[in-house]
Amino acid sequence: MSPAKIHTVEECKIREILDRVGDKWSMLVLNILGGGPQRFSALRRAIEGISQRMLTRTLRLLERDGLVQRTVHPTVPPQVEYALTPLGHTLQEPVRALAVWAGAHQAEILAARARFDARQEIPIDAEL
């Protein structure tokens with residue numbers, strides 16, 4: 001794939017997949033489910049700052065992409081459990097590698113951000 005512009009249908013589909021597995025909530029969900037199946041409430045407690053709506057949406061999209069399996073256990077009340085599929089498990093190594101890289105370079109990135117922000121008249125995350 002050319003690093004220039006994503007312009008073919010195939011490249012657009014690859015971008016969509018990367019957008020899904022690379023967003024912050026998906027990465028966190030995939031990382032947690034790498035440790036084993038979890039109930040919705042356990043996932044919500046484990047992911048600081050995620051709303052119920054966003055967790056539901058993230059799980060549904062990961063399920064749609066074949067990365068997460070939703071299992072409803074016939075109990076009263078019904079218990080729902082989420083687990084990685086075999087395809088989802090193939091993401092564990094790349095996700096962990098990215099997390100290790102981020103941890104190893106965190107200080108450098110924070111320093112670069114501080115230098116950049118100090119040069120800006122208007123902070124990059126300020127509302128315009």
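Along the sequence shown, residues carry numbers from 1.
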How many angstroms lie between [atom1] in [X] and [atom2] in [Y], if you round to the nearest 0.5 Å?
{"X": "Leu18", "Y": "Arg15", "atom1": "CG", "atom2": "CZ", "result": "10.0 Å"}
{"X": "Lys24", "Y": "Ile47", "atom1": "NZ", "atom2": "CD1", "result": "11.0 Å"}
{"X": "Ile109", "Y": "Trp101", "atom1": "CD1", "atom2": "CH2", "result": "3.5 Å"}
{"X": "Leu67", "Y": "Thr85", "atom1": "CG", "atom2": "OG1", "result": "5.5 Å"}

Only counting residues at least two apart or in another chain, list the ones meeting side chain to side chain donor-acceptor pair (under 3.5 Å) with [X].
{"X": "Arg70", "answer": "Tyr82"}
{"X": "Glu108", "answer": "His105"}
{"X": "Arg20", "answer": "Asp65"}

Pairwise salt bridge (Lys or Arg N to Asp or Glu O under 4.0 Å) hits with a residue in residues 71-99, at least two apart: none
Heavy-atom side-chain contact between Asp23 and Asp19 under 4.5 Å: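 The answer is no; the side chains never approach within 4.5 Å.
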Contact check, side chains of Leu61 and Ser26, non-hydrogen atoms, under 4.5 Å: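 In short, these two side chains do not touch, never coming nearer than 4.5 Å.
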Residue pairs passing the side-chain hydrogen bond (donor to acceptor under 3.5 Å, both in side chains) test where at least one lies in residues 41-60, sequence neighbours excluded: none
Can you name the closest pair of heavy atoms from [X] and [Y] and give their distance?
{"X": "Val72", "Y": "Pro78", "value": "CG1-CB, 4.1 Å"}
{"X": "Thr75", "Y": "Gln79", "value": "OG1-N, 3.3 Å"}
{"X": "Leu91", "Y": "Pro94", "value": "O-CD, 3.2 Å"}
{"X": "Leu87", "Y": "Gly66", "value": "CB-O, 3.7 Å"}

Pair listing, ring pair (Phe, Tyr, Trp, His ring centres under 6.0 Å) test, anchored in residues 50-77, at least two apart: none
Set of side-chain contact (heavy atoms from CB on, under 4.5 Å) partners for [X], sequence neighbours left out:
{"X": "Ile17", "answer": "none"}
{"X": "Arg119", "answer": "Arg115, Phe116"}
{"X": "Gln38", "answer": "Ile32, Leu33, Ala42, Leu43"}

Gly35 backbone acceptor or donor facing Gln92 side chain under 3.5 Å: no
Single-linkage hydrophobic cluster, 4.5 Å side-chain cutoff, Leu62 and Ile14 together: no
